[in-house]
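Scroll down for the structure; my scribbles are underneath it.
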Amino acid sequence: MPELPEVETIVRGLATTLPGATIRAVDVLKPDLIEEESAASFARELKGRPIRSVERRAKNIVIDTGGDFLLVNLGMTGRLFLVKEGDPEPTHPGVRIHLADGRELLYHDVRRFGRLWRMSAEAWERWEATLGVEPLSDAFTPKWLHGATRKSRVAIKIWLMDQKRVVGVGNIYASEALFRARVNPRTPADEITRPQAKRIHQGVVDVLAEAIEFRGTTLLDYRDAEGEPGEFVRRLRVYDREGEPCLRCHRTINRIVQGGRSTFFCPHCQK
DNA sequence: AACGCGCCCTGTCCGC
DNA sequence: TGCGGACAGGGCGCGT
């Protein structure tokens, strides 16, 4: 569900209010959400720790708990937010993090594809090193993109979604970026030309930046740290628009399946 | 080694 | 109205 813009929006929200807080207690309601250790150990180790910072790496929320880290991956339907006075009882609470100041940070997840795990600074560095390039960093350039695509025959849409290559681009923004770039999502990565690589680069950067401005895309479940939906859904040009007219040429948007996921594109504009 | 597939899970929607 | 199947923003582990 959440891709880079949604995770970035959540992180920006939490980063304004969480640092300086202290974890008073942790209740794990769904133990299968915890990676690599028991729920009891997870709760015990977090108890009493400070929250120093909240950042994003790829589609993960990275919380510095005083030298160690708490990572949260939201999977498809995960939410991480501060419970507000008068909120209805959550339907699928997963982990409740009680802060010393009385607030409660809730991890909520209907499908439970999300994961939370603690790691040492060293483990975090090792794991971080296996992730691909941040698309909104200086390391992501048209030249890098063209070079990196030489090594793979997979379809460019699948290629863009592989977090070992470029991070943060998921099923929505992969389709959207390729539409903006006017590149067919089925094109083998190693057949992408330099001009196409330049356009894909621009498409990825532009769509992610704009989606962050609109606080992400809410199709169904996504909510930011304040519980509010994102507004970028109204700006989607191809995703979930099968059968509707292309905004550029007015021909029909198609849906195909790649790697078991839907891809939306305009066969006329994206040759 | 790279790649494709099945699977993890719950909810919703659509056709019959 | 009920039921089965398809599908939903992600990512891992498996076999080839």
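Reminder, nothing fancy here: chain letters follow the sequence lines and each chain counts from 1. Basis for what follows: all heavy atoms, side chains included, without hydrogens, waters or symmetry-related copies.
To the nearest angstrom, P of B:dC8 lies 16 Å from CG of A:Leu33. The interatomic distance linking A:Leu71 (CG) with C:dG10 (P) rounds to 17 Å, in whole Å. With rounding to whole Å, A:Met161 atom CE is found 8 Å from C:dG11 atom P. Between the P atom of C:dG11 and the CD1 atom of A:Ile61 lies a distance of 12 Å, rounded to the nearest Å. Rounded to whole Å, atom C1' of C:dA8 lies 9 Å from atom CZ of A:Phe113. One can place CG of A:Leu29 at 18 Å from P of B:dC9, the figure rounded to the nearest angstrom. Residue A:Arg111 contributes atom CZ, which lies 12 Å from atom C1' of C:dG11 at whole-angstrom precision. One can place CG of A:Leu74 at 19 Å from P of B:dC9, the figure rounded to the nearest angstrom.
Within the nucleic acid shown, A:Thr218 comes within 4.0 Å of at least one base atom, counting heavy atoms only. Across all strands shown, A:Tyr239 has heavy atoms under 4.0 Å from sugar-phosphate atoms exclusively, and none from any base.
Applying the side-chain hydrogen bond (donor to acceptor under 3.5 Å, both in side chains) criterion to A:Glu128, with sequence neighbours excluded, gives A:Arg57. Applying the salt bridge (charged side-chain N to carboxylate O under 4.0 Å, His left out) test to A:Glu210 and every residue at least two apart in sequence or in another chain returns A:Arg180. Judged as a side-chain contact (heavy atoms from CB on, under 4.5 Å), and not counting sequence neighbours, the contacts of A:Pro90 are A:Pro93, A:Arg96, A:Leu106, A:His108. Scanning for side-chain hydrogen bond (donor to acceptor under 3.5 Å, both in side chains) contacts around A:Glu176 gives an empty result, with sequence neighbours left out. Qualifying side-chain contact (heavy atoms from CB on, under 4.5 Å) partners for A:Glu35, counting only residues two or more places apart in sequence or in other chains: A:Arg115, A:Trp117.
On the P atoms, B:dG6 is 13 Å away from C:dA6, given to the nearest whole Å. The gap from the P atom of B:dA1 to that of C:dG11 amounts to 23 Å, rounded to the nearest Å. If you take atom C1' in B:dG11 and the same atom in C:dC12, they sit 23 Å apart, rounded to whole Å. When the C1' atom is used for both B:dT10 and C:dG13, the distance is 22 Å, rounded to whole Å.
Evaluation of the ring-ring contact (aromatic ring centres under 6.0 Å, His included) test over residues 166-203 of chain A, restricted to residues two or more places apart or in two chains, returns A:Phe140-A:His201. Legend: side-chain hydrogen bond (donor to acceptor under 3.5 Å, both in side chains) pairs involving residues 13-23 of chain A, not counting sequence neighbours, sorted by first then second residue: A:Thr17-A:Arg103. Sorted by first and then second residue, the ring-ring contact (aromatic ring centres under 6.0 Å, His included) pairs involving residues 56-88 of chain A (not counting sequence neighbours) are A:Phe69-A:Trp124.
For the residue pair A:Thr77 / A:Asp109, a side-chain donor-acceptor distance below 3.5 Å is found, with atom types taken as modelled. Counted by atom type alone, A:Lys157 and A:Asn171 present one or more donor-acceptor pairs between their side chains at under 3.5 Å.
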Detail all sub-3.5 Å separations between protein N/O atoms and N/O atoms belonging to nucleotides 12-16 of chain C.
none

Contact list (N/O, under 3.5 angstrom) for nucleotides 2-6 of chain B vs protein:
{"from": "B:dC3", "atom 1": "OP1", "to": "A:Ser152", "atom 2": "OG", "distance (Å)": "2.9"}
{"from": "B:dC3", "atom 1": "OP1", "to": "A:Arg153", "atom 2": "N", "distance (Å)": "3.0"}
{"from": "B:dC3", "atom 1": "OP2", "to": "A:Arg165", "atom 2": "NH2", "distance (Å)": "2.7"}

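For A:Arg112 against B:dC9, a side-chain-to-base donor-acceptor contact under 3.5 Å is absent.
For DNA chain C, runs of at least 3 consecutive pairs of the Watson-Crick or G-U wobble type, with both hydrogen-bonding distances under 3.5 angstrom, map to B:2-8 with C:10-16, B:10-16 with C:2-8.
Between the CD1 atom in A:Ile172 and the CG atom in A:Leu219 there is a gap of 4.0 Å [rounded to 0.5 Å].
Counting heavy atoms from C-beta outward, A:Val154 and A:Arg165 have side chains that approach closer than 4.5 Å.
A:Arg255 has a side-chain polar atom (N or O) that falls below the 4.0 Å cut-off from OP1 or OP2 of C:dC7. At C:dG11, one or more side-chain N or O atoms of A:Asn73 fall inside 4.0 Å of OP1 or OP2 (strictly under the cut-off). For A:Arg261, no side-chain nitrogen or oxygen approaches OP1 or OP2 of C:dA8 to under 4.0 Å.
Listed nucleotides C:dC7, B:dT10, C:dG10 differ in distance to A:Pro2; the shortest reach to its side chain belongs to C:dG10.
Between A:Phe232 and A:Ala211 the shortest heavy-atom distance is CD1-CA, 3.5 Å.
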### Query
Which letter, B, S or -, goes with each nucleotide of nucleotides 11-16 of chain B from 5' to 3', with contact meaning a protein heavy atom under 4.0 Å?
S-----

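A salt bridge is absent between A:Asp190 and A:Lys151; no separation between the charged side-chain nitrogens and carboxylate oxygens falls under 4.0 Å.
For the side-chain contact (heavy atoms from CB on, under 4.5 Å) criterion with A:Arg182, the lone passing option out of A:Gln196, A:His268, A:Arg248 is A:Arg248.
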